[in-house]
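Structure first, commentary second.
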Amino acid sequence: MKRKWEERLKKVEELASHYERNPLPPVYRPKLSKPFLPSSVWKIFCRQAEAFSYVKTCKEDVHVFALEKNTQSGQRFYLVTTYKELWFYYTKGYKTSLMHCYEVIPEKDACKLYFDLEFYKPANPDADGKSMVAKLIELVSQKLKELYDVNCSAKDVLNLDSSTDEKFSRHLIFLPQKTVFKDNFHVGNFVRTILQPAIRLMESKAAAVIPEGVGHVFQCSAGRVGLDGSLTNLTAAEDASKGRPAIAHKAKHMETSHQGKNLELSFLIVNDKEGDKQLFVDLGVYTKNRNFRMYKSSKAGKNVILKIAEDNKFVPNCEENVSLEEAYFLSSLICNIRAMDDTKVLSSGFSEEERKTSAFLNSKTTGSSRDSMEGYQDSPYPEIDYFVRSLVNKDGVQGGKDHFTVYK
DNA sequence: CAGCGCTACCACACCCC
DNA sequence: GGTGTGGTAGCG
């Protein structure tokens, strides 16, 4: 009897000693993985740059998330952790501050094709958001096929909704198998390019003047890139009017051959609060280190979260030990790329750095904006043409003839 | 001590008809 | 009035 007591006492003392040597952290954090797996990473920074430099020192697969303070002041801080661990606390509600959580899309990381869609309902009483989303998915899928030979349909598109009575608001995440974009800027280049006809249409509506005889050509493999790095569309009429050697033969051919297939894009144009025209697709999200609100998060000061849309058609393949909800979460993350050998990496035009460099050169050498250059094969400065082509070729396959590129 | 990265917009200078 | 530039309020 006494012997048993002594044994128990000894065990308690050992346990006490163990906890003295290994004190509990101030915040309860159960082990998420087997002991032999990497230990947890959960670190918060006031500055984004500090968060990114910490990520570089981590061997774990960690990512930067932006957390909005509930004060609605717009102030944010930055969390570094793994997807797994974030999901654990995110759903368990251990930390209420995770309610307003944003994925930071690093400027040079591969990412998925994604869209931020919105319109103000009172200004667009006749707009049918669901049908607009369906049309957009159809359009984007058609362009993915044309430009990259990538197959995609509505069942490959995760459709998240955070609409209110006032505003129709969606996030679309395209998930054709094993296909990603080189980075956020390349996504932006692609999106701006395929929506160019709608942008021009909108501008002409805003100006209330529709220029005569101006058709717009979708720039594809044989296309040209403006010296300023923008994706410029060649117009046969403009070219001829400037009396320059026309290089629009192929483009003109493409225009006619695709005309029947091209979808009508006017459905993308909506009214904003002031009654001006704007696009249903927000083109302002394809920028450096963009914060993108996450599945099940709300904006600070609001309680509307992003949830699976009623008309969502995407269902993730559930891997072992992953709930359906977690699988949706992982699918919704723009930079959650499982890089395989057979992953297709799509690119479109310049990277941001290259765009800035050539824009700088353009302004310093010609002293004018893109207008003077549009529609020309060569600038008056061969050295610069050579330099710009070298930038383009870096992105292309087989000498860089292709502006839209697929890596394997 | 502490958010970030734009862009549309404005004021102003300078030029030229 | 046309055009370039520098600074910033406010948006996403």
Side-chain angles (χ1 to χ4, degrees), chain A residues 43-55 63-80 97-109 111 114-120 123 160 162-164 166-173 183-189 191-192 195 199 202-203 206-207 228-230 270-294 297-302 304 306 334-335 350-353 355-357 359-373:
Chain A
K43 215 158 160 56
I44 287 168
F45 301 87
C46 291
R47 302 291 193 166
Q48 184 179 260
E50 293 171 22
F52 275 117
S53 56
Y54 179 70
V55 166
H63 302 266
V64 179
F65 304 90
L67 307 178
E68 227 170 11
K69 295 191 172 159
N70 6 21
T71 52
Q72 210 181 347
S73 65
Q75 200 167 13
R76 294 179 182 197
F77 52 99
Y78 299 89
L79 166 68
V80 176
S97 58
L98 292 181
M99 281 172 61
H100 319 298
C101 195
Y102 296 74
E103 180 181 7
V104 180
I105 303 169
E107 60 174 320
K108 55 175 191 29
D109 280 19
C111 64
Y114 68 99
F115 290 85
D116 182 22
L117 307 176
E118 55 183 45
F119 64 82
Y120 182 59
L160 301 179
S162 66
S163 297
T164 64
E166 285 266 286
K167 221 168 106 178
F168 181 90
S169 172
R170 297 267 179 127
H171 285 185
L172 299 186
I173 298 105
D183 63 43
N184 198 26
F185 297 112
H186 287 261
V187 176
N189 291 338
V191 173
R192 280 185 294 270
L195 299 186
I199 295 167
M202 178 181 60
E203 284 166 355
D228 64 349
S230 66
V270 294
N271 304 310
D272 65 12
K273 283 184 184 178
E274 286 75 39
D276 294 325
K277 299 294 180 188
Q278 66 169 39
L279 280 194
F280 175 45
V281 176
D282 182 353
L283 297 177
V285 297
Y286 308 108
T287 56
K288 186 181 182 183
N289 299 330
R290 164 64 42 178
N291 288 195
F292 207 54
R293 187 153 57 95
M294 297 199 324
S297 263
S298 59
K299 288 182 183 172
K302 309 258 175 87
V304 184
L306 275 156
I334 306 302
C335 297
F350 288 91
S351 72
E352 183 62 2
E353 197 178 320
R355 189 190 68 76
K356 280 179 178 163
T357 306
F360 171 80
L361 267 177
N362 187 34
S363 67
K364 291 303 166 196
T365 54
T366 69
S368 70
S369 62
R370 74 186 67 160
D371 291 348
S372 62
M373 305 307 300

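Labels below follow one simple rule: chain letters A, B, ... track the order of the sequence lines, proteins then strands, and each chain is numbered from 1.
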Check this one for me: any side-chain N or O of [X] less than 4.0 Å away from OP1 or OP2 of [N]?
X	N	value
A:Q75	B:dG3	yes
A:R293	C:dG12	no
A:Q48	B:dA2	no
A:N289	B:dC4	no

Write down the distance between [atom1] ([X]) and [atom2] ([N]), rounded to a whole number of angstrom.
X	N	atom1	atom2	value
A:N291	B:dG3	CG	C1'	9 Å
A:D116	B:dC6	CG	P	17 Å
A:N70	B:dG3	CG	P	16 Å
A:E68	C:dC11	CD	P	15 Å
A:L283	C:dC11	CG	P	18 Å
A:Y120	C:dC11	OH	P	14 Å
A:F292	B:dC4	CZ	C1'	17 Å
A:L279	C:dG12	CG	P	13 Å

Ignoring hydrogens and angles, tell me if any N or O in the side chain of [X] forms a donor-acceptor pair with the backbone of [Y] under 3.5 Å.
X	Y	value
A:Y114	A:V285	yes
A:N291	A:N289	yes
A:N271	A:A123	yes
A:T164	A:K167	yes
A:N184	A:T287	yes

Would you mind telling me which of [options] lies closest to the side-chain atoms of [X]?
X	options	result
A:R47	C:dG12, B:dC4, B:dG5	B:dC4
A:Y78	B:dG5, B:dC4, C:dG12	B:dC4
A:T287	B:dG3, B:dC6, B:dA2	B:dC6
A:C46	B:dG3, B:dG5, B:dA2	B:dA2

Applying side-chain contact (heavy atoms from CB on, under 4.5 Å) to A:S298 and not counting sequence neighbours gives A:H100, A:I305

Applied to residues 65-77 of chain A, the salt bridge (charged side-chain N to carboxylate O under 4.0 Å, His left out) test, sequence neighbours excluded, yields A:E68-A:R76

When the C1' atoms of B:dG3 and C:dG10 are compared, how many Å lie between them, rounded to an integer?
15 Å

Net bend of the helix from B:dC4-C:dG12 to B:dC15-C:dG1, end axes of five pairs each, nearest 10 degrees
0°

